[in-house]
Structure formats: structure tokens, C-alpha cells
Number of protein chains: 2
Amino acid sequence: MAETRWLDPSEMRAWKAFLAAGALLNRRLDQQLKEDSGLSHAQYEILVRLSAHPDGELRMTELADALINSKSGLTYQVGQLEKAGLVRRRSCPSDVRGVFAVLTEAGRELLERAAPGHVAAVRELLIDVLTPEQREAIADGLGEVTRRLRAGSA
Amino acid sequence: MAETRWLDPSEMRAWKAFLAAGALLNRRLDQQLKEDSGLSHAQYEILVRLSAHPDGELRMTELADALINSKSGLTYQVGQLEKAGLVRRRSCPSDVRGVFAVLTEAGRELLERAAPGHVAAVRELLIDVLTPEQREAIADGLGEVTRRLRAGSA
DNA sequence: GGCGTGTGGTTCAAATTCGAACCACGCCGT
DNA sequence: ACGGCGTGGTTCGAATTTGAACCACACGCC
């Protein structure tokens with residue numbers, strides 16, 4: 001192991017800002033969503049992914065790695081959403097083991113009611129605070145970071 | 001409520017990258033820290049804050065809002081660290097209610113052992129992936145985001 | 001056909017998180 | 001000195017998260 005290259009002040013500033021912004025923003029959005037529509041941010045994300053797909057359905061595994069949680073966490077959350085009637089499970093015809101999560105009509109409606117407030121919050125707290133150049137830098141830089149993280153999880 | 005201003009593709013790209021990078025990075029660092037030194041990222045952060053202060057001590061409340069967690073979460077984590085002998089509690093002389101968390105010698109040693117690996121990971125996964133311009137943009141942009149979030153939590 | 005190996009999901013126990021309720025005490029006006 | 005209010009921390013219960021263990025099945029290869 002070589003000498004440790006500590007973070008210089010500029011690097012430290014970026015790292016701390018990233019960390020703090022992520023944590024605070026997540027917390028805030030979670031609150032906003034929960035009191036606005038009763039959904040957690042995680043649940044909201046699930047509904048969004050589903051709604052982005054034809055027929056509003058997606059395999060559990062695809063959901064799991066599109067998202068953040070462990071597989072067991074997904075099982076739990078889909079269970080919650082199912083109890084709430086926002087999602088339905090359907091077994092995959094071609095592979096008995098496979099399970100689709102399907103957005104119900106109620107789910108789609110709730111999502112449509114929740115989305116405007118959520119988007120407004122994201123805009124107010126993040127997007128509209130950044131200059132267009134900063135937005136691009138974040139999209140490019142963190143996009144690359146994400147790509148590598150996904151690649152390196154083999 | 002005015003018409004919803006949805007996110008355009010560029011904005012969406014930034015938002016998704018930010019979200020994904022935050023989640024993936026946090027998870028990865030957590031794993032790295034845990035198998036490297038047995039600390040969670042949250043615990044590591046606590047130790048870092050303490051070590052950054054003279055005598056390695058800090059009031060619970062100061063810790064709480066320097067960090068991310070709720071107050072109860074902090075109580076819990078400090079409890080864990082105390083059980084592990086990395087931190088000690090000391091009641092504040094001037095205010096009986098107040099409690100200092102104090103870094104023990106063992107805590108400082110563990111932190112010093114854990115830091116190099118952690119910094120290396122942060123560097124590899126985030127800092128060194130970004131161009132200097134992107135780093136600055138992130139530091140500035142997300143710094144401002146953080147400032148507003150802290151201000152608006154009144 | 002029959003057997004290892006790998007996948008897709010779920011279940012389980014344990015750890016963590018959060019907010020709300022709570023206690024004990026300082027602070028301040030009277 | 002006294003009573004009410006705000007603060008600093010902890011406790012409590014409920015919800016969530018995670019990794020590991022676990023089934024049931026698909027697949028490839030003999």
C-alpha cells in the first residue's frame with residue numbers, strides 16, 4: 001500500500017458537499033412525499049420505474065438493480081405496495097420462478113397525484129439552485145461515477 | 001398551484017445521476033468500511049467529527065446537526081461506539097443536561113487505521129473520477145444546495 | 001434422462017432508523 | 001423564590017433495511 005494521498009481542501013469540499021447534500025435532500029424529499037401522498041421515497045421510485053415501462057410491469061430483479069436496495073428490501077417494499085393495492089404481482093409465464101410487479105390503476109393514479117409535488121420539491125431544492133453549467137457537470141461527472149460503480153459490482 | 005414544470009432531459013439526467021451516485025457510493029463505502037474496520041459509515045463519520053475537535057470531544061447536539069441522523073439515531077450510534085470502547089460520555093460541567101462524546105485512545109487508533117482505506121475508496125470511486133472542473137462545480141453547486149437545506153430546516 | 005450449478009425470490013433474525021413522547025434541568029420574568 | 005417555557009438527551013415502539021440461509025426451478029452437460 002502506497003502512501004495515503006489525503007484529500008486536499010478542494011477535494012474535501014466537494015466530498016463533504018456531496019455527502020451532506022445527498023443526505024439532507026433524501027431526508028427532505030422523504031418527508032415531503034410521505035406527508036403529501038403517504039409514500040416513502042423508495043416506494044415512489046418503484047412506482048416511477050414501473051410506470052416507465054410498457055404495461056407498467058417489470059421483473060423483480062430488474063427493479064432491484066435499477067434501484068438501490070437489496071433484493072430482500074425490494075420484496076418487502078413491493079409487499080407493502082401490494083397491501084396498499086398500488087401494485088400487483090404476476091408470475092412470469094416463461095419462467096415459473098420469475099415474478100412481475102405490475103402497477104395497478106390505483107397505483108398509477110396515486111403516482112400521478114404525487115408526482116407534481118415531488119417534482120416541484122426536486123426543482124426547488126436542487127435543480128433550480130444549480131446553474132446550467134453545474135447541472136451539466138453533475139450529470140456528466142456523477143453519471144460516470146455511477147457507471148463505474150455499476151460496472152464494478154461484479 | 002401553477003402548471004407543473006417537469007424536468008427536461010438534461011435536468012432529469014442530473015437528478016438521476018445524483019440520486020444513483022449517492023445511493024451506490026454510500027452502500028459501497030459502507031461495505032468497505034465495515035469489512036475493513038468494522039465501522040459503519042455513520043460511526044466513522046462520528047469519529048471523524050470528534051477527532052477534528054480539540055480534545056476529541058463534542059456536544060451531542062453539535063454532533064447531531066453536523067451529521068445527518070435524527071437525535072435518537074445519534075444516541076443509538078454513540079451507544080454502540082461506547083460499548084465498543086471507542087467513545088466515552090462525559091457530562092458537561094457547566095450544564096448538567098449536556099453530554100460530551102469523547103474520543104478514546106482506542107477510538108483514535110481505530111480511526112487512524114481505518115482512514116487510509118476509506119480515503120482511498122473515496123478517491124477511487126468519486127474524486128479521481130471527476131475532472132477538476134466537475135469537482136469545483138459539485139463543490140459549489142451542492143454546497144449551495146446544502147446551505148439552503150440547512151437554512152430551510154427551521 | 002439425470003445431475004451439478006446458477007438464478008429468482010422469499011424468509012428470517014438482527015441491526016438500524018425515525019418520530020413522538022418523555023424527563024430533567026436551565027432560563028427568565030415577576 | 002416560583003412557575004412556565006425552551007432545550008438537551010434518552011427511551012419507546014413501529015417501520016425499514018440488510019445479509020445469510022433457504023426453496024424451487026431452469027440450464028447445460030454428460
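Residue numbering restarts at 1 for every chain, and letters A, B, ... go by the order of the sequence lines. Note that this is a predicted model, so its numbers are computed, not measured.
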Are any of the side-chain nitrogens in [X] or [Y] under 4.0 Å away from the carboxylate oxygens of its partner?
| X | Y | result |
| --- | --- | --- |
| B:R13 | A:E136 | yes |
| B:E11 | A:R123 | yes |
| A:R88 | A:E57 | no |

What is the distance from [atom1] of [X] to [atom2] of [N], rounded to the nearest Å?
| X | N | atom1 | atom2 | answer |
| --- | --- | --- | --- | --- |
| B:H41 | C:dT16 | NE2 | P | 15 Å |
| A:R28 | C:dG19 | CZ | P | 12 Å |
| A:D30 | C:dT16 | CG | P | 20 Å |
| A:L39 | D:dT16 | CG | P | 11 Å |
| A:K34 | C:dC18 | NZ | P | 10 Å |
| B:L63 | D:dG8 | CG | P | 14 Å |

Problem - Touch class at under 4.0 angstrom, heavy-atom based, for A:Q31 against every strand present - result: sugar-phosphate
Practice task
Answer yes or no: is there a side-chain heavy-atom contact under 4.5 Å between A:S40 and A:Q77?
Solution key: yes
From [atom1] ([X]) to [atom2] ([Y]), nearest 0.5 Å:
| X | Y | atom1 | atom2 | result |
| --- | --- | --- | --- | --- |
| A:R27 | B:L149 | CZ | CG | 11.0 Å |
| A:L39 | A:Q80 | CG | CD | 11.5 Å |
| A:F18 | B:T146 | CZ | OG1 | 11.0 Å |

Completion exercise
When A:N69 and A:S94 are each assigned the nearest nucleotide of DNA chain D, the 5'-most assignment goes to A:N69
Exercise for the section: Please report the C-alpha distance between B:D36 and B:H118 in whole Å, then the side-chain angles of each, then the deciding distance to 0.1 Å, and finally whether the side-chain hydrogen bond (donor to acceptor under 3.5 Å, both in side chains) criterion is met. Expected result: CA-CA 9 Å; B:D36 201 47; B:H118 176 67; over 6 Å; no
Handout entry: side-chain N/O A:Q80 vs D:dA15 OP1/OP2, d < 4.0 Å
Key = no
Handout entry: C:dT17 OP1/OP2 closer than 4.0 Å to side-chain N/O of B:Q77
Key = yes
Fill in the blank from the handout: Rounding to the nearest 10°, end axes of the helix from C:dG1-D:dC30 to C:dT30-D:dA1 built from five pairs each make an angle of 20°
Handout entry: Under 4.0 Å protein heavy-atom contacts per nucleotide of nucleotides 2-12 of chain C, with B for base, S for backbone only and - for none
Key = ----BBSBBB-
Completion exercise
Between B:D55 and B:R108 the two heavy atoms that sit nearest each other are C-NH2, 4.5 Å
